[in-house]
Visitor: 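For reference, the structure I am asking about is given below.
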Amino acid sequence: IVERSSSCPFPLGPSLYEDYDTLIDGYTRLYNNQMPSTLISYKNISHNIDHFFFADSGFFDVFTANVLNGVNHKYLNKPNTAVITANTAKLFFGYENAVGRKLTVENSYDVEIVAVVEDWPQHSHFHFSVLVSMETFKSLVKGSLPDNWIYNPCWTYVRLNEERHAHELSEKLPEFV
């Protein structure tokens, strides 16, 4: 049986970054808790939100996003922080500033909004409405992420430090595997 999937195990991004740090500038993982939607609430407003992901703080190093409102330039590096899209902000807060407010996820934990970004492009292979720091997920699973190489629920992305390194990394991957 062969699985045709783009998902990867949790350790892949950090391991690639550690082993090939001369080729890779950064990485990020997206993990959706394997749920098609997530209940998000603000006061008495609740919605089942599609496209909810936990993401590493390197997300904005790997991907470019137009930040409409944010508290600093380093997002998702602390537990219980979130970045939301403009449409998600409008859904919960209308045209009021969303930064600094707290959303409740699955009636279980709160996250503080640290930035609002432009809606993600439609031509992307993934879309997000809410990104919550991977540090939040880590705290939810008792302080450490899964470290086995069999469970593969993440989408992992790396940013090469030069375009020409794609070929070099490609040649080295068989030894990594």
Side-chain angles (χ1 to χ4, degrees), residues 5-10 12-14 25-146 151-159:
S5 172
S6 61
S7 60
C8 305
F10 275 96
L12 180 64
D25 273 343
Y27 71 91
T28 191
R29 296 164 292 187
L30 295 177
Y31 173 61
N32 69 353
N33 219 13
Q34 299 181 312
M35 296 172 57
S37 67
T38 302
L39 179 64
I40 306 287
S41 306
Y42 176 73
K43 295 186 178 179
N44 63 341
I45 303 168
S46 295
H47 295 282
N48 283 306
I49 300 293
D50 295 334
H51 314 299
F52 171 99
F53 290 98
F54 293 100
D56 287 297
S57 61
F59 183 88
F60 294 101
D61 297 328
V62 174
F63 296 104
T64 302
N66 184 17
V67 177
L68 302 174
N69 194 1
V71 293
N72 65 36
H73 70 284
K74 194 67 176 168
Y75 307 109
L76 304 175
N77 62 342
K78 296 178 183 171
N80 301 91
T81 56
V83 172
I84 64 175
T85 61
N87 274 337
T88 303
K90 194 181 307 177
L91 186 65
F92 287 99
F93 309 108
Y95 292 96
E96 294 180 19
N97 184 6
V99 173
R101 297 185 190 224
K102 292 188 178 182
L103 296 173
T104 302
V105 180
E106 292 289 328
N107 294 319
S108 178
Y109 58 95
D110 292 338
V111 293
E112 181 180 349
I113 300 166
V114 294
V116 176
V117 298
E118 206 169 76
D119 293 329
W120 206 241
Q122 288 300 309
H123 63 273
S124 177
H125 90 95
F126 72 88
H127 300 94
F128 71 88
S129 301
V130 177
L131 295 177
V132 171
S133 70
M134 192 66 76
E135 291 299 314
T136 305
F137 180 67
K138 192 174 173 181
S139 71
L140 293 171
V141 293
K142 314 261 186 283
S144 65
L145 297 174
Y151 178 52
N152 60 343
C154 298
W155 287 338
T156 301
Y157 303 88
V158 297
R159 179 178 173 175

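What you see is a predicted model, and the numbers here were worked out from it, not measured in a lab.
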Visitor: Working to the nearest 0.5 angstrom, can you tell me the gap between Thr81 OG1 and Tyr75 OH?
Guide: 11.5 Å
Visitor: Distance alone, cut at 3.5 Å: any donor-acceptor contact between the side chains of Ser41 and Thr104?
Guide: no
Visitor: Considering only residues two or more places apart or on different chains, which pairs with a residue in residues 68-87 satisfy salt bridge (charged side-chain N to carboxylate O under 4.0 Å, His left out)?
Guide: Asp61-Lys74
Visitor: For the side chain of Thr88 and the backbone of Ser129, is there at least one donor-acceptor N/O pair under 3.5 Å apart?
Guide: yes
Visitor: Tell me the closest heavy-atom pair linking Leu131 and Ala55, and the distance in Å.
Guide: CD2-CB, 4.1 Å
Visitor: Tell me the closest heavy-atom pair linking Gly100 and Glu112, and the distance in Å.
Guide: CA-OE2, 3.6 Å
Visitor: Taking atom CG of Leu30 and atom OG of Ser7, what is their separation to the nearest 0.5 Å?
Guide: 12.0 Å
Visitor: Show the nearest heavy-atom pair for residues Ala115 and Val67, with the distance to one decimal.
Guide: CB-CG1, 4.3 Å
Visitor: Trp155 and ring pair (Phe, Tyr, Trp, His ring centres under 6.0 Å): which single residue from Phe53, Phe54, Phe59 fits?
Guide: Phe53
Visitor: How many angstroms lie between atom CG of Leu68 and atom CD of Glu118, to the nearest 0.5 angstrom?
Guide: 6.0 Å
Visitor: Applying side chain to side chain contact (heavy atoms under 4.5 Å, CB included) to Val105 and Phe52, what does each step give before you reach the verdict?
Guide: CA-CA 10 Å; Val105 180; Phe52 171 99; 4.0 Å; yes
Visitor: Got Ser46 and Leu39 here, is their nearest side-chain heavy-atom distance under 4.5 Å?
Guide: yes
Visitor: Once rounded to the nearest 0.5 Å, what's the spacing between atom SG of Cys8 and atom OH of Tyr157?
Guide: 9.0 Å
Visitor: Using 0.5 Å steps for rounding, measure from the CD atom of Glu106 to the OG1 atom of Thr38.
Guide: 5.5 Å
Visitor: If you apply the rule side chain to side chain contact (heavy atoms under 4.5 Å, CB included), what do you find for Phe128 with Phe63, and how did you get there?
Guide: CA-CA 13 Å; Phe128 71 88; Phe63 296 104; over 6 Å; no
Visitor: Taking all non-hydrogen atoms of both residues, which atom of Trp120 and which atom of His127 are closest, and how far apart?
Guide: CD1-CA, 4.1 Å
Visitor: Hey, is the main chain of Arg159 close enough, under 3.5 Å, to the side chain of Asp25 for a donor-acceptor pair?
Guide: no
Visitor: Would you say the side chain of Asp110 lies within less than 4.5 Å of the side chain of Asn80, judging by non-hydrogen atoms?
Guide: no
Visitor: Check whether any side-chain heavy atom of Val117 sits under 4.5 Å from a side-chain heavy atom of Phe60, and report yes or no.
Guide: yes
Visitor: I need the full list of salt bridge (charged side-chain N to carboxylate O under 4.0 Å, His left out) pairs touching residues 39-59, with sequence neighbours left out, sorted by first then second residue.
Guide: Arg29-Asp56
Visitor: Can you name the nearest heavy-atom pair linking Leu145 to Met134, along with the distance?
Guide: CD1-CG, 3.8 Å
Visitor: List the steps, then state whether side chain to side chain contact (heavy atoms under 4.5 Å, CB included) holds for Val130 with Val111.
Guide: CA-CA 11 Å; Val130 177; Val111 293; 5.7 Å; no
Visitor: Would you check, one step at a time, whether the test side chain to side chain contact (heavy atoms under 4.5 Å, CB included) holds for His47 with Ile40?
Guide: CA-CA 6 Å; His47 295 282; Ile40 306 287; 5.7 Å; no
Visitor: Please report the closest heavy-atom contact between Leu76 and Ser133, naming both atoms and the distance.
Guide: O-CB, 3.4 Å
Visitor: Does any donor atom in the side chain of Asn33 or Tyr31 lie under 3.5 Å from an acceptor atom in the other side chain?
Guide: yes
Visitor: Verify whether the ring centers belonging to Tyr95 and Phe93 lie closer than 6.0 Å.
Guide: no
Visitor: With distance as the sole test, does Ser139 use its side chain to make a donor-acceptor pair with the main-chain N or O of Thr136 at under 3.5 Å?
Guide: yes
Visitor: Does Val158 reach the side chain of Val62, with side-chain heavy atoms less than 4.5 Å apart?
Guide: no
Visitor: So do Tyr27 and Leu12 actually touch side chain to side chain, heavy atoms under 4.5 Å?
Guide: no
